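Shown next, in structure tokens, is the structure this report addresses.
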Amino acid sequence: MKKKKLLMFGGMLFILLIGGIGCYLTFMRSNEIETIPVAHLSTSWWGDLEESSGYIASNMTQEVMLENFKTVKEVLVAEGDRVQVGDPLIVYDQSLKELELQVQQSKVKGLDVQIQLAKKELKNLQSMSSFATGSNQAKAVTASQEEGTDAKEGLNYNSEFFPLEDGTYQVEAHQKDRLHVSFLYRLKGLDEVGKTTVFAPMKLNLIVLSDDGNKESFFIDGEGLKIPEGVVSMSVGDYLSLIKDEILEPDGEKVPGQEEPPISVEPPAAQPDDEEPVQDGTEGEDTYSKEELQQLIQEKRSAVRGLELDYKEALLKEQQIKKEIEQLTVRSSVNGVVKKVEDLPSKIDDGTPLLVVTSDEGFYLKGTLNEYQLAKVDVGQVVDIQSYETGMSYEARITEIYPYPVEDNQDWGPKVSRYPFVATIEGDQQLSPNMNVSVTLKSPQEEGQTLYIDMAYVGEDHGQKFVYKVDQNKRLVKERVQTGKVIYGSYIEILSGVNEEDHLAFPYTKNIKDGLKAKVMLEGEE
């Protein structure tokens, strides 16, 4: 009887155990986020084929109109001058664009430095994780990490600088506030690690509040500012005492000297890049558990990916500015003679061409580009043309693309803006004026490389597009993406951040976040 009871009890335990395991697995599965292969979310786009049409012309006239909001710096030709395709005709003022380019190049350089620093910090965290097990704690001892732990307090690189009308800046602080070395780098126009110049030095009016509520103003010129060796942070009051000989009154006069009080500098200087951080067991250093360290690594990886995307976007912006500067020089699109050059002051508002060039040799292609093709084609690009009448093929080189669209007269398909262009046909070709031809664009980007995915799987956060995709550990990671045009009203072009091998989760799934386990749907699985 006892044996039967034991068997019955053991059976019930086994059933409960199996049931518990089943419930646990069900619970775990319910907490997995389902993902879908990008291949199931993407589509092809056939409406943007790199084809167009045009006709042949022998007598071409190039009319150069004054562009709004641009100032002509110099007219480079006179009436009667003979010009070839590509010869400069006029130059607009480039000073503002060149300044914009300098700022953008500094931004690119600064982002590159930030990426290298973030990668170094990630490497340090990963090396720390190799010995952080269970409840063991890993110590963060690099100078950059130590500074980052309290960078939210006091004066640091990201402090808010208030611009004043005289071109200087103003910041308020308390005598006891911490002043981090990155704040001084900012004043000198350097990046956050003080290695690269990214913008012009700043002139600062530092308003210091004392314990009794009094205010005192100090004028600091970042250009000649010296940064004390070995300083990572100190109080504002101690720092002002340290550099008292470099502080100026707002009128440019130096502040009268006074006896120098003792200075407290902490912590010691950062170690060179090629040396490993020393772990000396000093109390007070930040420590992390294994779980905390893994979270820091995940966050740092995301930060690196974000910085890399910012870097790519900044590079694209730099290239765009360079292109705009190049376009400020208007060049001849024909081989011919300058027929007319108008007087500048009288031709600002009446719509008369400033300059006219008439061709006297060769054949030209006149055609149009749709608004999608416009982004992929540039002056100097070669196109293939084929005569509808003879079937013969030729090559032409684009010499001018007009910035203003013309009316789209086609009676089929969606209405899109179309932009006229001119191309030269080199050599003695068997062509005739008004001959209709087809045009095939030799785009540097093949259509098959373009990826379009369902817009529902692309989220937006504070103006930034993102997706949740699966990493190598079958975990979700929030990834910023760069997007392009929208087609069919529901698919968006992905320029970077996602490829066809990725798996994505719906970005607005309840409780979705970085690190959640992903339920990966395999190819062919329903």
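All residue numbers in this chain count up from 1 along the given sequence. Keep in mind the model is a prediction, meaning the values are calculated, not measured. For the numbers below, each heavy atom of this structure counts, side chains included, while hydrogens, waters and symmetry mates do not.
- With a 6.0 Å radius and a threshold of 12 heavy atoms from other residues, nucleotides or ligands, Tyr185 has its OH atom above the threshold.
- Put simply, the side chain of Lys469 never gets that close to the backbone of Asn499: no donor and acceptor are under 3.5 Å apart.
- Residues satisfying the side chain to side chain contact (heavy atoms under 4.5 Å, CB included) test with Lys215, not counting sequence neighbours, are Glu172, Ile207, Leu209.
- In terms of the side-chain hydrogen bond (donor to acceptor under 3.5 Å, both in side chains) criterion, residue partners of Asp166 (sequence neighbours excluded) are, by chain and number, Thr168.
- Ring orientation note: the planes of Phe506 and Tyr457 are nearly perpendicular, at an angle over 60° on the 30°/60° scale.
- One N or O on the side chain of Gln62 and one on the backbone of Arg331 form a donor-acceptor pair closer than 3.5 Å.
- Arg397 contributes a side-chain N or O that, together with a main-chain N or O of Gly380, makes up a donor-acceptor pair within less than 3.5 Å.
- Qualifying side chain to side chain contact (heavy atoms under 4.5 Å, CB included) partners for Asp461, counting only residues two or more places apart in sequence or in other chains: Phe466, Lys478.
- Salt-bridge annotation for Lys97 and Glu100: present, with a side-chain N of the basic residue lying under 4.0 Å from a carboxylate O of the acidic one.
- Proximity of Thr61 to Val356: side-chain heavy atoms (C-beta onward) are separated by under 4.5 Å at one or more points.
- Gln94 pairs by the side chain to side chain contact (heavy atoms under 4.5 Å, CB included) definition with Val91, Glu98, Ile325, Leu328, Thr329, not counting sequence neighbours.
- Note that CG of Asp502 is 10.5 Å distant from CD1 of Ile494, once rounded to the nearest 0.5 Å.
- Remark: Glu223 CD is loosely packed, at most 12 non-hydrogen atoms of other residues, nucleotides or ligands lying under 6.0 Å away.
- Distance OH/Tyr491 to CD1/Ile453: 10.0 Å, rounded to 0.5 Å.
- Using a 4.5 Å cut-off on side-chain heavy atoms (C-beta onward), Leu179 and Leu184 make contact.
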- Before giving the answer on salt bridge (charged side-chain N to carboxylate O under 4.0 Å, His left out), spell out for Glu326 and Lys322 the whole-Å C-alpha distance, their side-chain angles and the decisive distance to 0.1 Å. CA-CA 6 Å; Glu326 173 62 27; Lys322 288 181 178 179; over 6 Å; no
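- In this view, Tyr402 satisfies the ring-ring contact (aromatic ring centres under 6.0 Å, His included) rule with no residue, not counting sequence neighbours.
- Every side-chain hydrogen bond (donor to acceptor under 3.5 Å, both in side chains) that Ser210 has, sequence neighbours left out, goes to Asp212.
- Using a 4.5 Å cut-off on side-chain heavy atoms (C-beta onward), Val379 and Glu400 make no contact.
- Side chain to side chain, Gln295 and Glu299 meet the donor-acceptor criterion of an N or O pair below 3.5 Å.
- In this structure, CD1 on Ile220 lies 12.0 Å from NZ on Lys203, to the nearest 0.5 angstrom.
- One distance of note links CG of Leu122 with CD1 of Ile297; it measures 7.0 Å at 0.5 Å rounding.
- Between the Gln175 side chain and the Gly237 main chain, no donor and acceptor come within less than 3.5 Å of each other.
- Atom CG of Leu155 sits about 11.0 Å away from atom OH of Tyr239, to the nearest 0.5 Å.
- With sequence neighbours left out, Thr358 forms a side-chain hydrogen bond (donor to acceptor under 3.5 Å, both in side chains) with no residue at all.
- Between atom CZ of residue Arg305 and atom CD of residue Glu479 there is a gap of 4.5 Å, rounded to the nearest 0.5 Å.
- Taking the salt bridge (charged side-chain N to carboxylate O under 4.0 Å, His left out) definition, one finds that Glu67 meets it with Lys70, sequence neighbours left out.
- For the pair His180 and Tyr157, the minimum side-chain heavy-atom distance is 4.5 Å or more.
- Looking at Asp514 and Ser302, their side chains come closer than 4.5 Å, going by heavy atoms from C-beta outward.
- Using a 4.0 Å cut-off between charged nitrogen and carboxylate oxygen, Lys73 and Asp93 do not count as a salt-bridge pair.
- For the residue pair Val72 and Tyr92, the shortest heavy atom distance occurs at CG2-CE2, 3.7 Å.
- By the side chain to side chain contact (heavy atoms under 4.5 Å, CB included) test, Gln464 pairs with Arg480, sequence neighbours left out.
- Inter-residue side-chain proximity for Lys119 and Glu308 is flagged as met; some heavy-atom pair is nearer than 4.5 Å.
- The closest side-chain heavy-atom distance from Lys312 to Leu495 is not below 4.5 Å.
- At a threshold of 4.5 Å between non-hydrogen side-chain atoms, the residues Leu476 and Lys513 do not count as touching.
- Every residue was checked against the salt bridge (charged side-chain N to carboxylate O under 4.0 Å, His left out) condition with Asp81, not counting sequence neighbours, and none meets it.
- Val236 approaches Ala173 most closely through the heavy-atom pair CG2-CB, 4.2 Å.
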- Task: Give the C-alpha distance, both sets of side-chain angles, the deciding distance and a yes or no for side-chain contact (heavy atoms from CB on, under 4.5 Å) between Asp87 and Leu76.
- Result: CA-CA 9 Å; Asp87 287 349; Leu76 303 174; over 6 Å; no
Only distances under 3.5 Å count here; give the side-chain donor-acceptor pairs of residues 103-117 to other protein atoms, sequence neighbours excluded, each with its distance to 0.1 Å.
residue: Gln104; atom: NE2; partner: Ala314; partner atom: O; Å: 3.1
residue: Ser106; atom: OG; partner: Gln102; partner atom: O; Å: 3.0
residue: Ser106; atom: OG; partner: Val198; partner atom: O; Å: 2.8

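- Partners of Glu79 according to the side-chain hydrogen bond (donor to acceptor under 3.5 Å, both in side chains) rule, which considers only residues two or more places apart in sequence or in another chain, do not exist here.
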